[in-house]
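Just so we're on the same page: letters track the sequence lines, and every chain starts at 1.
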2 protein chains.
Amino acid sequence: MQDRTRELRGSAPLLESALRQFAVVGFEGASLQRIAADAGLSKSSVLYHFASKEALLDAALRPAVEDLAGVVDEMARIADAAPRRAFLVRFVDYLLEHRLAIAVIFNHGQALAGHAVIDEADRLVRDLADRLAPGQGGEREVLRFGVALAGAAFMLVAADRWAPAHVPDDELRAGLVDVLGEFVLGPAAQPA
Amino acid sequence: MQDRTRELRGSAPLLESALRQFAVVGFEGASLQRIAADAGLSKSSVLYHFASKEALLDAALRPAVEDLAGVVDEMARIADAAPRRAFLVRFVDYLLEHRLAIAVIFNHGQALAGHAVIDEADRLVRDLADRLAPGQGGEREVLRFGVALAGAAFMLVAADRWAPAHVPDDELRAGLVDVLGEFVLGPAAQPA
DNA sequence: CAGCGTACTGCACGATCGGTCAGTGCCCGC
DNA sequence: GCGGGCACTGACCGATCGTGCAGTACGCTG
């Protein structure tokens, strides 16, 4: 395997096709052939821009992981202050923006353990959980946080499958802010 | 494809191997070769007992789906009565017993849409959600239920990945009953 | 012992997998 | 105009995919 990966500037549609395939059928189930066809080019062309299938996965997930690092930083700065709800809105926005990547990381994370991006994402999520549930009695808090986050990750891509009609993003965002707020901030933090 | 499937009586280890592979790498990512090797027999032998890869998926998920139908029935009978918490305990037990199948249905459901078992499982889950959130204002309730259920499904197989040490089933069960109870029964239903 | 069904296997098949490589057309600086 | 790099492609490779098929070892029944 050559280690030279040509970082294509205008590769957004290709990365989105890859992300969609990875999210739906998983990394092993997705084929370069299908990803390439979906993006409108040949398999060879995909492997011209990205040295391997794994490099493609890395490039597809990288933006979400880097943004997650920013989110965790932000969370660390506000610490235990009041504007937790504002942070929650910001976090739900992050989830919506990177919904496909989030689906890959959560739904297929176990199969992808060992890949650098996934391990980094896992570490960041654990960081976030630890920060939300400090102290030694936090195991229950971590469980609550895990359920809320993974559940949100699922609904991001499954909401349409359950709802009778397409759920607009705005509605989904409002719902997730409410539900997650109730879940991780406690019922006392409910809005008016 | 021949439609004759020999229903093997002592095929439990084979079905469990299949389930584990499907849960980790998804249906398309899992290979009959690896499933067979994991169960200690040849690929041909697997295809002797199950007419195709899809038939194997069906057989592996069938028990969980049938049990789910029972759970939904039970839920329908207790309706709006008080013993909801008892039902929740029963439900978490169900999740723990079929944790691999649950992981397949939730994490890879989108890729498996169209397969009979998956569609049936989807229908049952929707039934359950509708029963928990009746009326026209229930969209938010459905979202809450989806987040809680999918989150629980995730933690069933991911708890060990996040925790510093292995999480015993008893602990996981207790935690899920608490967290899900708080989530779908409302904070008022908290135990002493 | 003969005969049959059951559990299981090795082998072969066409298709598809990820990946390599030798081109090919095109734009851009000289 | 022309040389060189850039984006892209088809042909090809060995491996593996799901599946079909013929054959084999074994245990039961007659």
Trainee: With sequence neighbours left out, what residues match B:Asp93 under salt bridge (Lys or Arg N to Asp or Glu O under 4.0 Å)?
Mentor: B:Arg173
Trainee: Look at the side chain of A:Ser52 and the base of C:dG19, then say whether one donor and one acceptor between them are separated by less than 3.5 Å.
Mentor: no
Trainee: According to salt bridge (Lys or Arg N to Asp or Glu O under 4.0 Å), who are the partners of B:Arg20, at least two apart in sequence or on a separate chain?
Mentor: B:Glu16, B:Asp38
Trainee: C:dC21 C1' sits how many Å from A:Lys43 NZ, rounded?
Mentor: 13 Å
Trainee: Round to a whole Å and report the spacing from NZ of A:Lys53 to P of C:dC17.
Mentor: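 Taking atom P of C:dC17 as the reference, NZ of A:Lys53 is at 9 Å.
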Trainee: Quickly work out the B:Leu47 CG to C:dG10 P distance and round it to whole Å.
Mentor: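 Those two atoms, CG and P, are 14 Å apart.
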Trainee: In whole angstroms, how far is the P atom of C:dC17 from the CD atom of A:Gln21?
Mentor: 11 Å
Trainee: Are B:His49 and C:dC8 close enough that a side-chain N or O sits under 4.0 Å from OP1 or OP2?
Mentor: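 Yes, because at least one side-chain N or O of B:His49 sits under 4.0 Å from OP1 or OP2 of C:dC8.
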Trainee: At what distance, to the nearest 0.5 angstrom, does CG of B:Leu32 lie from CD of B:Gln21?
Mentor: 10.5 Å
Trainee: For residues 106-117 of chain B, which residue pairs pass the side-chain hydrogen bond (donor to acceptor under 3.5 Å, both in side chains) check, not counting sequence neighbours?
Mentor: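 Sorted result for residues 106-117 of chain B: B:Glu54-B:His115.
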Trainee: Side chain of A:Ser44: nearest nucleotide among D:dC8, C:dT9, D:dG10?
Mentor: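 Closest nucleotide among those given: D:dG10.
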Trainee: Within this structure, what is the CG-to-P distance between A:Leu41 and D:dA7, rounded to whole angstrom?
Mentor: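 One finds 13 Å between P of D:dA7 and CG of A:Leu41, rounded.
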Trainee: Taking only residues at least two apart or on different chains, which pairs with a member in residues 39-51 of chain B satisfy salt bridge (Lys or Arg N to Asp or Glu O under 4.0 Å)?
Mentor: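 Matches after skipping sequence neighbours: none remain.
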Trainee: Take atom CZ of B:Phe50 and atom P of C:dA7, then tell me their distance rounded to the nearest Å.
Mentor: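 Spelled out: CZ on B:Phe50 to P on C:dA7 is 12 Å.
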Trainee: C:dA7 phosphate, OP1 or OP2: any side-chain N/O from B:Tyr48 under 4.0 angstrom?
Mentor: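 Yes, because at least one side-chain N or O of B:Tyr48 sits under 4.0 Å from OP1 or OP2 of C:dA7.
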Trainee: Does anything in residues 22-36 of chain B come within less than 4.0 Å of DNA chain C? Heavy atoms only, and list the residues if so.
Mentor: none
Trainee: Report the residues that fulfil ring-ring contact (aromatic ring centres under 6.0 Å, His included) with B:Phe145, sequence neighbours left out, ordered by chain and then residue number.
Mentor: none
